[in-house]
Amino acid sequence: TAFGREHSRDYRTAAARRELELKPFRELTTYLETQAIPRQEFVETGIEIVQINPVELLEGFAVALSGEPLRTEVVPAYKKARKKLMRQEPGTADAELARDLKRYVDDAITMTRDGADDIDAGRAFFFDFGDKPEALLTRLEATQRAIAAEVSAQVEAFDTVGTL
């Protein structure tokens, strides 16, 4: 009640300590919202990109006699993935990985378009990404482990502050 808030020493003491008590929680929440979660979303987007399988996208087409299935099925999948990647805001630690993922997607789109042109011209075409997907996936998994370790450290620090 208003009388209790005004006359209770315990209430006034608790109200004064409230901000101090909530500070570690707010710091953890801010860290998660501004750093850990956006980085994790970036990593998940990167994994989705690397796991795009053009052959699976073309499963409904027995043999591609024209480049049209590549243009209508594969290129849009990579464009959608690139658009999602560009909406991400990677941290400075992830800037190089973000550039490499964008380059990978751009190269995949170019390869697919060129392959569609090759098929239209009667030449054979096969997707060849080399070791790029595996290398990117390894880097993404390492980033994921780093994020998990950072979050664990932050939670542990929060837990330690909460028990003092």
Side-chain angles (χ1 to χ4, degrees), residues 23-162:
K23 184 178 180 192
F25 176 75
R26 287 196 175 114
E27 288 173 352
L28 176 61
T29 301
T30 299
Y31 165 76
L32 292 172
E33 290 174 346
T34 63
Q35 294 179 42
I37 293 171
R39 282 188 77 200
Q40 183 62 34
E41 289 172 351
F42 163 74
V43 168
E44 289 171 4
T45 298
I47 290 170
E48 289 172 14
I49 288 169
V50 173
Q51 291 180 339
I52 292 174
N53 185 338
V55 176
E56 286 179 8
L57 294 171
L58 296 171
E59 278 186 3
F61 304 92
V63 176
L65 300 175
S66 79
E68 197 58 27
L70 293 171
R71 290 183 192 97
T72 61
E73 302 299 321
V74 180
V75 170
Y78 279 112
K79 282 185 169 184
K80 181 179 177 184
R82 180 177 54 191
K83 186 175 182 180
K84 186 174 180 182
L85 176 66
M86 298 311 287
R87 285 192 309 258
Q88 303 296 318
E89 295 182 27
T92 54
D94 303 321
E96 183 179 341
L97 181 56
R99 280 191 305 273
D100 291 345
L101 284 166
K102 184 182 179 307
R103 186 176 309 117
Y104 174 78
V105 173
D106 290 343
D107 291 349
I109 291 170
T110 300
M111 180 193 318
T112 304
R113 286 180 175 154
D114 291 347
D117 293 342
D118 286 346
I119 292 170
D120 289 343
R123 295 184 296 269
F125 168 72
F126 301 95
F127 287 99
D128 183 11
F129 296 101
D131 65 346
K132 289 179 186 176
E134 293 82 13
L136 285 169
L137 195 56
T138 298
R139 291 170 63 194
L140 287 161
E141 289 169 348
T143 302
Q144 214 167 25
R145 286 190 301 274
I147 294 167
E150 291 168 10
V151 169
S152 283
Q154 291 285 334
V155 169
E156 190 173 304
F158 171 76
D159 193 37
T160 302
V161 170

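Excluded from the calculations below are hydrogen atoms, water molecules and symmetry mates; all remaining heavy atoms, backbone and side chain alike, are included.
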> Given Ile52 and Val105, is the side-chain contact (heavy atoms from CB on, under 4.5 Å) satisfied, shown in steps?
Replying inline: CA-CA 10 Å; Ile52 292 174; Val105 173; over 6 Å; no
> Given the rule in the side-chain contact (heavy atoms from CB on, under 4.5 Å) test, do Gln88 and Arg39 qualify, once you have shown the distances and angles that lead to the verdict?
Replying inline: CA-CA 8 Å; Gln88 303 296 318; Arg39 282 188 77 200; over 6 Å; no
> Are Asp117 and Arg71 within salt-bridge range, i.e. N to O under 4.0 Å?
Replying inline: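 Salt bridge between Asp117 and Arg71, a charged N being under 4.0 Å from a carboxylate O: yes.
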>> Looking at Asp107 and Lys102, is any side-chain nitrogen of the basic one under 4.0 Å from a carboxylate oxygen of the acidic one?
In response: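 Between Asp107 and Lys102 there is no salt bridge, as every charged N stays at least 4.0 Å from the carboxylate O atoms.
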Do you know which two heavy atoms are closest between [X] and [Y], and how far apart they sit?
X: Leu57; Y: Ala77; result: CD1-CB, 3.6 Å
X: Ala81; Y: Ile49; result: CB-CG1, 3.6 Å
X: Gly130; Y: Pro133; result: O-CD, 3.7 Å

Less than 4.5 Å apart, side chain to side chain, heavy atoms only: is that true for [X] and [Y]?
X: Lys84; Y: Lys80; value: no
X: Leu97; Y: Phe42; value: yes
X: Ile109; Y: Val74; value: no
X: Asp94; Y: Val43; value: no
X: Ile37; Y: Glu41; value: yes

> So, Gln40 versus Glu44: side-chain donor-acceptor pair below 3.5 Å or not?
Replying inline: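 Glu44 and Gln40 do have a side-chain donor-acceptor pair below 3.5 Å.
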>> Treating Asp120 as the side-chain partner and Gly67 as the backbone partner, does any N or O pair qualify as donor plus acceptor under 3.5 Å?
In response: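 The answer is yes, because a donor-acceptor pair under 3.5 Å joins these two groups.
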Find the distance between [atom1] ([X]) and [atom2] ([Y]) and round it off to the nearest 0.5 Å.
X: Met111; Y: Leu70; atom1: CE; atom2: CG; answer: 11.0 Å
X: Glu68; Y: Ile119; atom1: CD; atom2: CD1; answer: 11.0 Å
X: Glu48; Y: Leu101; atom1: CD; atom2: CG; answer: 11.5 Å
X: Glu56; Y: Leu58; atom1: CD; atom2: CG; answer: 10.5 Å
X: Leu85; Y: Asp106; atom1: CG; atom2: CG; answer: 9.0 Å

>> Classify the ring geometry of Phe129 against Tyr78: parallel below 30°, tilted from 30° to 60°, perpendicular beyond 60°.
In response: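 Aromatic pair Phe129/Tyr78 classed tilted.
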> Does the salt bridge (Lys or Arg N to Asp or Glu O under 4.0 Å) test come out yes or no for Arg103 and Asp100, once each step is laid out?
Replying inline: CA-CA 5 Å; Arg103 186 176 309 117; Asp100 291 345; 2.9 Å; yes
Could you pull out every donor-acceptor pair under 3.5 Å between side chains of residues 27-35 and any protein atom, sequence neighbours left out?
residue, atom, partner, partner atom, Å
Thr29, OG1, Phe25, O, 2.9
Thr30, OG1, Arg26, O, 2.9
Thr34, OG1, Thr30, O, 2.7

> With sequence neighbours left out, what residues match Asp114 under side chain to side chain donor-acceptor pair (under 3.5 Å)?
Replying inline: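 Residues passing side chain to side chain donor-acceptor pair (under 3.5 Å) with Asp114: none at all.
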> side chain to side chain donor-acceptor pair (under 3.5 Å) with Arg87: which residues, sequence neighbours excluded?
Replying inline: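 By the side chain to side chain donor-acceptor pair (under 3.5 Å) rule, Arg87 matches no residue at all.
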>> Which residue is it: Leu137, Asp131, Leu136? I am looking for the one with a side chain to side chain contact (heavy atoms under 4.5 Å, CB included) to Glu134.
In response: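 By the side chain to side chain contact (heavy atoms under 4.5 Å, CB included) criterion, Glu134 pairs with just one of Leu137, Asp131, Leu136: Asp131.
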